Structure formats: structure tokens, C-alpha cells
Amino acid sequence: MAMSALALGCSHEKSMECVIEEAFANAERQALVLAGKYAGQEGMLPRTWENGEDVGSDSRWWTSGFFPGTLWYVYENTGNPEILEYAKEFTSRVEREKYTTDNHDVGFMLYCSFGNGLRLTGQEQYEEVLLTGARSLASRFTPSVGLIRSWDHSTDRWQYPVIIDNMMNLELLMWAAEHSGDSSLKEICISHADKTLEHHYRPDGSCWHVVSYDKETGMPHIKQTHQGYSDDSSWSRGQAWGLYGYTCMYRLTGYDRYLQQARHIAAFLLDHKNMPEDGVPYWDYDSPDIPDTPRDVSAAAVMASALIELSGYADGSEAGKYMDFAEKQIRSLASEKYTATPGENGGFILMHSTGAYPLGSEIDVPLTYADYYYLEALTRMKRKISATGM
Ligand code: GLY
């Protein structure tokens, strides 16, 4: 069980340990609320909570793996056996996605759910799910283009669309390459990461959301946005996906070019003139309505988690800068401004995320992936504190 904040002696000027312990105690309460609501709804998983109503999805929606993953992080940090049972149950609801070949989200769906489940339980059956899912994802790679195709829709606009989010699916493939010994899966990841680096990124370290490739030449024919303010703007969550993706690919390959890319992205974000003082980005860094426009808490959570990892690959003041920023973001997210009162917010931990502003979808609401990456960031911060005694 999580130690109570009182037992830790948390005061007004809280230590990071106190912030983390309180956050997990709160996450445990909220997870029980949310899991309890969905437990009796066969095959359903939480997605958001809007206008006082639960909004769930079946496993087909791209976010299906995040609530199981949230439960695994809560279990890891509290040891609560009831949460463990829920983690297994909600993870099993995503299993059929191992056969998904019509979109690229298999990595999000399976690695956050089954990947964390395998890490924490060692259950062999989870390996089969991850390997099958990785093969399904790899089927979307076209050697002549050199990338994994993200979406199959909007063929009138895009010949072969690849979105920056797709960097997040590579961790599943890299795990499968290592686990199965099939080096072709690793080659797919490297090709995808290299071509994304070459064509998705602008000189300042920001990225486009969607790059569509000409199927004949393998070269970009269009660079656009789908969820950002404009084609040439910097959609906040996309920037965070890229930062996380290249940091992760550096860990998994040791290739310096991925580390340099992650540092370049971090420099763009940390010094951005439109980054708010509390480190929680607006939904797009170029929204003309700043500061009167919604934040995207999910972008802050993904970024904090990535920065903690990146700090481990940097030296001295640079490492300190990443950790200080991540700490600022975590303290902000843990504050009343973004963390819901226990029992409220539909059982989600964090408020104020934005899914797809231009589509009028999920604006200023809780989202499962904000909670998931927040708990991952807290877990990484906790490990860092115990390893370094900082
Ligand atoms: N991968 C979809 C999103 O970030 O909204």
C-alpha cells in the first residue's frame, strides 16, 4: 500500500518523495473508482469523461491499452492485490488487438498493457500476445518507402501517411526483435526512425504531425497537420511523442543520432516562448489564442516522462535542466489545478487534456493517456530518487 502523506511527514513545502507518494495514493483511489465502473461492462475500457458522462471504448480505439497500463503502474507502486486483479482483467480486454493490421496503434495498445504486465508478472502468455502484435504492426512496413504506415483512411489526400505519434510504436517492435532474435524487426524500427528524422523535422527541432509519402518514390508529397493549429504549427502532443520516441530509440539502439535528435527537440520545447511558466503546454505552441486557449496536460505528462529518461543520457547542467523541468511539470500536475479531487473527474487522475482541438473532440477533459504517462513519469522519478538519492 502507498504510504500516507501524513506518515511521510509531508508539509507545505513538500519534498518530491511526498509529492510522489501522495500522487500514488490518489491514483490508487481513482483507479478503484474507474475500474469499478467499467468492471461489469464486458470488453469496454475507459477513454474520457465529458459533461459528467463516462466515455468508454472497446479495444479498437487507439487508447485502449492505457487504462490497463495505468493499473499496472498503480499496482507496481502500491502492491494493492485488488488493483492487480483489475490490471489482469483490463489487459485481457485488449488481447484481440494482437491481430490488428489496419492501423499503427498496436504498439500503444499492447506495450502499455501487456508490456507492463509482462514486466511485472513475467507471465509467458503475455509474450505471445506481444510477439503476435509486433508481427501485425510490422506488416504495415513497406520496404520501398522505408516506414510503417500509420493510417489507411483519407486516401484522397494521403498516399502513405505517417504521423509523428508512430515513433511511440517502435518500442514494441524493438522488444520483439530482442525477444525473438528476428533482426528484421529492429531494421524496420531503424529505417522508420531515420526517415522520420529526415522528413518530419524542421531545422528548429519542431515537427510536422503528418507526412505522407509518395508510394512510387518513397519521398514526402505532403506535410500537414491533423490535430494541430496549422500545417506549419507545433502541435504540442506531437512534439512530446517525438521527444519520447527518440529518447527511447537511443536507449534501445545506442545510436548517437537519436540522442542528438532528442536533445534538439528538448531544446526547442524547454526554451519555447509559449511554454507556460508551470510547464504544462497549450494544445499547440502556435495557437493564436494563447493564453486563452486550453492546455494539453497529456503533452506535459509524456514530456516529463521522456525528460527524466533523457536526463540519464546527459551530463551535468544539461541533465539538471531536464530533471528540473520534469520536476516542475510533475509538481504542476500534482497540484489542485490539474489533479482532480478524489472521487471526482469520473475517476480519472488528471484534468485539462486536449485530444483533437480542430476536430472539436476531447477539449479540456481527462484522458487515459495523460494519467498513464503521468504515472510513468512518477515511477521514473521515484526510481531516479532512490538510485541517486537526489
Ligand atoms: N495518437 C493520437 C494522439 O496523440 O492524439
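We're numbering straight along the sequence, starting at 1. Values in this document were obtained by computation on a predicted structure and should not be read as measured data.
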For this session: List the steps and the verdict of side chain to side chain donor-acceptor pair (under 3.5 Å) for Gln260 and Arg257.
Result: CA-CA 5 Å; Gln260 297 318 323; Arg257 60 185 181 272; over 6 Å; no
Problem set entry | salt bridge (Lys or Arg N to Asp or Glu O under 4.0 Å) assessment of Arg251 paired with Glu171 | CA-CA 10 Å; Arg251 165 175 26 101; Glu171 195 168 5; 3.2 Å; yes
For this session: May I have the step-by-step check of side chain to side chain donor-acceptor pair (under 3.5 Å) for Ser311 and Lys384, ending in yes or no?
Result: CA-CA 10 Å; Ser311 76; Lys384 193 110 184 171; 2.8 Å; yes
Problem set entry | Residues Phe108, Tyr369; criterion ring pair (Phe, Tyr, Trp, His ring centres under 6.0 Å); working and verdict | CA-CA 10 Å; Phe108 278 123; Tyr369 41 103; 8.0 Å; no
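Electrostatic pairing of Glu76 and Lys382 does not count as a salt bridge here, judged by no charged N lying under 4.0 Å from a carboxylate O.
Here the OG1-CD distance, from Thr341 to Glu336, works out to 7.0 Å after rounding to the nearest 0.5 Å. Between Phe66 atom CZ and Cys112 atom SG the span is 4.5 Å, to the nearest 0.5 Å.
Judged purely by distance below 3.5 Å, without hydrogens or angles, the side chains of Arg93 and Tyr38 never pair a donor atom with an acceptor atom. Checking Thr121 against Lys88 by side-chain atom types alone, no donor-acceptor pair falls below 3.5 Å. A donor-acceptor contact closer than 3.5 angstrom links the side chains of Arg60 and Thr100. One side chain, Ser298 or Arg237, offers a donor N or O that lies under 3.5 Å from an acceptor on the other. A donor and an acceptor atom, one from each side chain of Asn77 and Thr379, are located under 3.5 Å apart. Side-chain contact annotation: Tyr258 with Asp194, donor-acceptor N/O pair under 3.5 Å present. Between Asp284 and Ser233, the side chains place a donor N or O and an acceptor N or O closer than 3.5 Å (distance only, hydrogens not considered). Using a 3.5 Å distance cut-off with no hydrogens or angles, the side chains of Thr132 and Glu128 do pair a donor with an acceptor. A side-chain N or O of Arg380 and one of Ser305 form a donor-acceptor pair less than 3.5 Å apart. Using modelled atom types and a 3.5 Å distance limit, the side chains of Asp232 and Trp208 yield a donor-acceptor pair.
When ring centroids are compared, Phe268 and His272 come within the 6.0 Å threshold. In this structure, Tyr357 has its ring center closer than 6.0 angstrom to the ring center of Trp283.
For Tyr160, the OH atom sits in a packed shell: over 12 heavy atoms of surrounding residues, nucleotides or ligands are nearer than 6.0 Å. The 12-atom threshold is exceeded at CG of Asp271, counting heavy atoms of other residues, nucleotides or ligands nearer than 6.0 Å. Residue Tyr73 qualifies as enclosed at atom OH: its count of foreign heavy atoms under 6.0 Å is above 12.
No side-chain heavy atom of Asp105 sits less than 4.5 Å from a side-chain heavy atom of Glu97. In this structure the side chain of Gln224 reaches within 4.5 angstrom of the side chain of Arg157, judged on heavy atoms. Using a 4.5 Å heavy-atom cutoff, the side chains of Phe141 and Ser191 are in contact.
Judged purely by atom type and a 3.5 angstrom limit, Arg47 has no side-chain atom pairing as donor or acceptor with the backbone of Val55. No donor-acceptor distance shorter than 3.5 angstrom exists from the side chain of Thr293 to the backbone of Ile290, with no hydrogens or angles considered. The backbone N or O of Gly346 lies less than 3.5 Å from a partner atom in the side chain of Lys37, making a donor-acceptor pair. A donor-acceptor pair under 3.5 Å links the side-chain atoms of Ser332 to the main chain of Asp278, judged by distance alone. Not a single donor-acceptor pair under 3.5 Å links the side chain of Ser353 to the backbone N or O of Pro366. The backbone N or O of Gly146 sits nowhere less than 3.5 Å from a side-chain atom of His192 that would complete a donor-acceptor pair. Judged by distance alone, with hydrogens and angles left aside, the side-chain atoms of Thr91 form no donor-acceptor pair with the main-chain N or O of Pro68 at under 3.5 Å. A donor-acceptor pair under 3.5 Å is formed between the side chain of Ser236 and the backbone N or O of Tyr282. In terms of modelled atom types and a separation under 3.5 Å, the side chain of Thr339 and the main chain of Leu333 share a donor-acceptor contact. Gln30 places no side-chain N or O within donor-acceptor distance of the main-chain N or O of Ile349, the cut-off being under 3.5 Å.
Taking the six-membered ring where the residue is Trp, His226 and His153 present tilted rings, their angle falling between 30° and 60°. In this structure, Phe90 and Phe67 have perpendicular ring planes: the angle between them is above 60°, well past the 30° mark. Using a 30° and 60° split on the angle between ring planes, Tyr111 and Trp175 fall in the tilted class, from 30° to 60°.
Of the residues Asn169, Leu170, Asp165, the one that meets the side-chain contact (heavy atoms from CB on, under 4.5 Å) test with Met167 is Leu170.
Seen from the ring of Trp72, Arg119 does not count as a face-on cation partner, given the 6.0 Å and 45° thresholds.
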